Amino acid sequence: MTKSIMLQGTGSDVGKTVLVAGLCRLAANHGLAVRPFKPQNMSNNAAVADDGGEIGRAQWLQSLAARVQSSVHMNPVLLKPQTEYGSQIIVQGKVWGQAKGRDYQKLKPTLLDYVMQSFSEISVGADLVIVEGAGSPAEINLRAGDIANMGFATRAGVPVVLVGDIDRGGVIASLVGTHTIMSDDDRAMISGYIINKFRGDVSLFDAGIDAVRRFTGWPCLGVVPWLKHASRLPAEDSVALESLARGGAAALKIAVPVFPRIANFDDLDPLAAEPDVELVFVRAGERLPSDARLVILPGSKSTIADLADMRVQGWDVDLLAHVKRGGRVIGICGGYQMLGRKVHDPLGIEGDPAEVTGLGLLDVETEMAPEKTVRNSVAVAVEDGAPLAGYQIHLGITKGEDCGRPFAIVDGEPDGAVSADGRIAGTYLHGLFASDTYRTRLLWSFGLSGETNDYRAGVEKALDDVAAELEACLDRRWLDELVG
C-alpha cells in the first residue's frame, strides 16, 4: 500500500507549497519513491509537464524536489484566472473549458472522478504521496462538492496535517476555529498540525501548543522556523509578489510591471538571484523607474485586458520614454504580444471580440486563436548562439516585418522578433533566463563582468537545505513513520 499524507492550511499562503517540496526532498533523500499531488490548484504560474500538458509551477517544483519527472496527474485540475470572476479550467493537462466562480462550484463534483483517477496514477510505484490542499478546509461554504481539501481527503482516505501560519498572527484561533466549524467526519481526518514561519525562541510557543491541544486534542507535529532557504525557491503564485521587497541598489536595474493577470513571473527568478541585478517589481500606482536600463514585460493570462491596464497606469508612456532614453525591452509571451502594433481577438478568446492597438515597439501583429501551444522546448538565441531551454504556453499567432529578425530558433523554427536597432525583443519562450549562458551574455551586454550563478544548482541546493531544516524541527516520531 502506498502511504499518503495531505497538508491543508488554515488559510491561503501559509507555506504549504514549500513544506510539501521540502518533505518531498526529505523523503527522496531517505531513498523513498515519493510523488507530489495537488487535486486542484489556482494559479497563472503554469509549467509544461514532462508527459505533456499544463500543471501548476508549484507541482513542477515539487516533482523536482522528489527527483521524478513531472506529470499532468500531479495536478489534475488547474484553474487559470482570466477575469475577476472567471477562470480557464485545465483538466489533466488540457483545456477543459471556462467557468465563472458560481458555475465552477456546480462543476466540481464532475471533476472529482478525474482527481481520483490521477491520484491512482500517481500512486502506482510510489512509496509515499504527499498531497497539498488549496485554500482552507475552514471554508465550509465551499465544502459541498469540494475536491481540493476534505472532499478529496475523505474520498481517498488520506490523513491530513493542518498548517498554520504564525507570522500573520492569530494562529491559535485559526486552528481552534477550524476544529470548531468542521464536521465530525472531516475532523476525524486530522492527525495533527504544524506551526509554520515561526520567528525567535520556539519555547515561547509551548503554552500555545498546550492551548491548542486543550481545545482540539490535536498533537503538534512541529514548529517550523522561518525557512531562510525558501526564498531561493520559485514562488507559487502572484500573491508572493505583494510581499517581495525591492532589492538593494545594484549595477543593473531591471523593471518589471506587475500586470493584474501576470503569468509565469518565476521567469524572472534567475535574474533576481544575480548579485549585480536589482529587480524592481512595479505595482499599480507606481511609475517605471527612469534609471532602469532594461524593462521586461512578463507573461499575461489576458493580454488585451493587461494592455489596457498598462495604459491606465501610465506605464505605456513610461515605456516609450525609457526607449527614447536608449533603454532596452524584452517581452515574454503576453508581454511580447503587447509590444506589437495590433492584437486581434476576432473569436473573443479573451473575452468579447476585439481589436486593440499595441505599444508599437515591434512591427508585428498578433491574432488570438483557439489552438493552444503547450510544450517544452530547446532553443538557441539568434544573436549570439547561446543555448536556451524553456517551455511555451500561449494562444495566438504573431507575424510581421520584425519576425524576419527572430529572437531565437525554438524547436527548429524561428520564434519571436527583434527591432531593427536590436533594443526591443519579444519571444514566446518561457524560462529563457534560467539558461546560464544566455543570462551571462545578457548581463555582459550591459557591461557586467564575471560569471553568473548556476541557477538550477542553486534551486537544488535550496531544496536540500529546506529538507534539512524540516528534518531538524519536525516531530521525530512522526517523521520516522512518514519516511522510515
Side-chain angles (χ1 to χ4, degrees), residues 45-50 54-55 57 60-61 63-65 69-70 232-235 247 250-252 254-256 262-279 293-299 328-336 339 373-394 405-418 422-463:
N45 255 16
V48 179
D50 289 312
E54 295 182 69
I55 59 172
R57 291 293 291 175
W60 178 88
L61 174 67
S63 71
L64 185 69
Q69 289 200 321
S70 58
R232 291 152 46 204
L233 298 175
L252 175 62
I254 300 175
V256 182
I262 188 171
N264 300 84
F265 65 87
D266 61 327
D267 280 341
L268 304 160
D269 287 348
L271 291 171
E274 291 294 338
D276 291 331
V277 170
E278 178 187 357
L279 194 65
R293 298 173 65 193
L294 172 64
V295 173
I296 298 176
L297 301 188
R328 291 165 58 181
V329 182
I330 297 175
I332 302 173
C333 201
Y336 166 37
L339 288 172
T373 299
V374 179
R375 65 172 180 262
N376 289 309
S377 297
V378 292
V380 61
V382 169
E383 181 181 16
D384 57 12
L388 300 171
Y391 62 98
Q392 299 181 67
I393 302 177
H394 70 88
R405 290 179 294 274
F407 173 81
I409 303 301
V410 180
D411 300 326
E413 299 292 334
D415 168 83
V418 178
R423 292 193 292 117
I424 316 296
T427 179
Y428 278 117
L429 186 68
H430 289 287
L432 70 160
F433 299 123
S435 299
D436 296 328
T437 301
Y438 170 74
R439 193 173 68 257
T440 298
R441 293 179 183 177
L442 175 68
L443 300 185
W444 283 351
S445 72
F446 285 96
L448 274 65
S449 60
E451 295 297 323
T452 61
N453 298 314
D454 183 335
Y455 176 70
R456 182 63 174 265
V459 172
E460 291 283 356
K461 179 65 164 56
L463 288 167

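For the single chain, residues carry numbers from 1 onward in sequence order. Since this is a predicted model, take the numbers as computed values, not measurements.
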Asker: Using a 4.5 Å cut-off on heavy atoms from C-beta on, say whether the side chain of L388 contacts that of V378.
Answerer: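 Side-chain contact under 4.5 Å: no.
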
Asker: To the nearest 0.5 Å, how far apart are CD in E274 and CG in L443?
Answerer: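 With rounding to 0.5 Å, CD (E274) is 5.5 Å from CG (L443).
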
Asker: Test side chain to side chain contact (heavy atoms under 4.5 Å, CB included) on L297 and I332; report intermediate values, then the result.
Answerer: CA-CA 6 Å; L297 301 188; I332 302 173; over 6 Å; no

Asker: Would you say the side-chain atoms of D384 pair up with the backbone N or O of A386, donor to acceptor, closer than 3.5 Å?
Answerer: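 Looks like yes, one N/O pair under 3.5 Å.
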
Asker: Can you name the salt bridge (Lys or Arg N to Asp or Glu O under 4.0 Å) partners of D411, sequence neighbours left out?
Answerer: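 Expected list: R375.
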
Asker: Would you say that N264 contacts R57 through its side chain, given a criterion of any heavy-atom pair below 4.5 Å between the two side chains?
Answerer: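 The answer is yes; the side chains approach within 4.5 Å.
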
Asker: Is there a donor-acceptor pair under 3.5 Å between the side chain of T373 and the backbone N or O of I393?
Answerer: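 Side chain of T373 to backbone of I393: no pair is present.
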
Asker: Between atom CZ of F433 and atom CZ of R439, what is the distance when rounded to the nearest 0.5 Å?
Answerer: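 Spacing of CZ (F433) from CZ (R439) equals 10.0 Å.
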
Asker: Taking side chain as C-beta onward, heavy atoms only, is L271 less than 4.5 Å from I296?
Answerer: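 Touching, per the 4.5 Å side-chain cut-off.
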
Asker: Using a 4.5 Å cut-off on heavy atoms from C-beta on, say whether the side chain of R423 contacts that of V329.
Answerer: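 Counting from C-beta outward, V329 and R423 never come under 4.5 Å.
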
Asker: Would a distance-only check, ignoring hydrogens and angles, find a side-chain to backbone donor-acceptor pair under 3.5 Å from D50 to S70?
Answerer: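 Checked: pair present.
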
Asker: Less than 4.5 Å apart, any side-chain heavy atom of Y438 and any of L432?
Answerer: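 In contact.
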
Asker: Counting only N and O atoms by type, is there a donor-acceptor contact under 3.5 Å from the side chain of D454 to the main-chain atoms of D436?
Answerer: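 Not at all, since once roles are kept as given, no pair shorter than 3.5 Å links the two residues.
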
Asker: Okay, side chain of T427, backbone of L429: is any donor-acceptor separation there less than 3.5 Å?
Answerer: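 Such a contact is found between T427 side chain and L429 backbone.
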
Asker: Taking the six-membered ring of F446, is NZ or CZ of R328 closer than 6.0 Å to its centre and within 45° of its axis?
Answerer: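 Checked: cation-pi criterion met.
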
Asker: Given side chains that start at C-beta, do those of H394 and Y336 come closer than 4.5 Å, heavy atoms only?
Answerer: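 They are not in side-chain contact.
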
Asker: Counting only heavy atoms not in E383 (residues, nucleotides, ligands), do more than 12 fall under 6.0 Å from its CD?
Answerer: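 Open.
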
Asker: Any heavy-atom pair between the side chains of I254 and V295 that's under 4.5 Å?
Answerer: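 Of all side-chain heavy-atom pairs linking I254 with V295, none is under 4.5 Å.
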
Asker: Side chains of P234 and L61, heavy atoms from C-beta outward: is any pair under 4.5 Å?
Answerer: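 In contact.
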
Asker: Would you say the side chains of Q392 and S377 form a donor-acceptor pair under 3.5 Å?
Answerer: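 There is such a pair between these side chains.
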
Asker: Report yes or no: is the cationic atom of R441 (NZ for Lys, CZ for Arg) under 6.0 Å from the centre of the six-membered ring of W444, at an angle within 45° of the ring normal?
Answerer: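 Negative - R441 is either too far from the ring of W444 or too far off its axis.
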
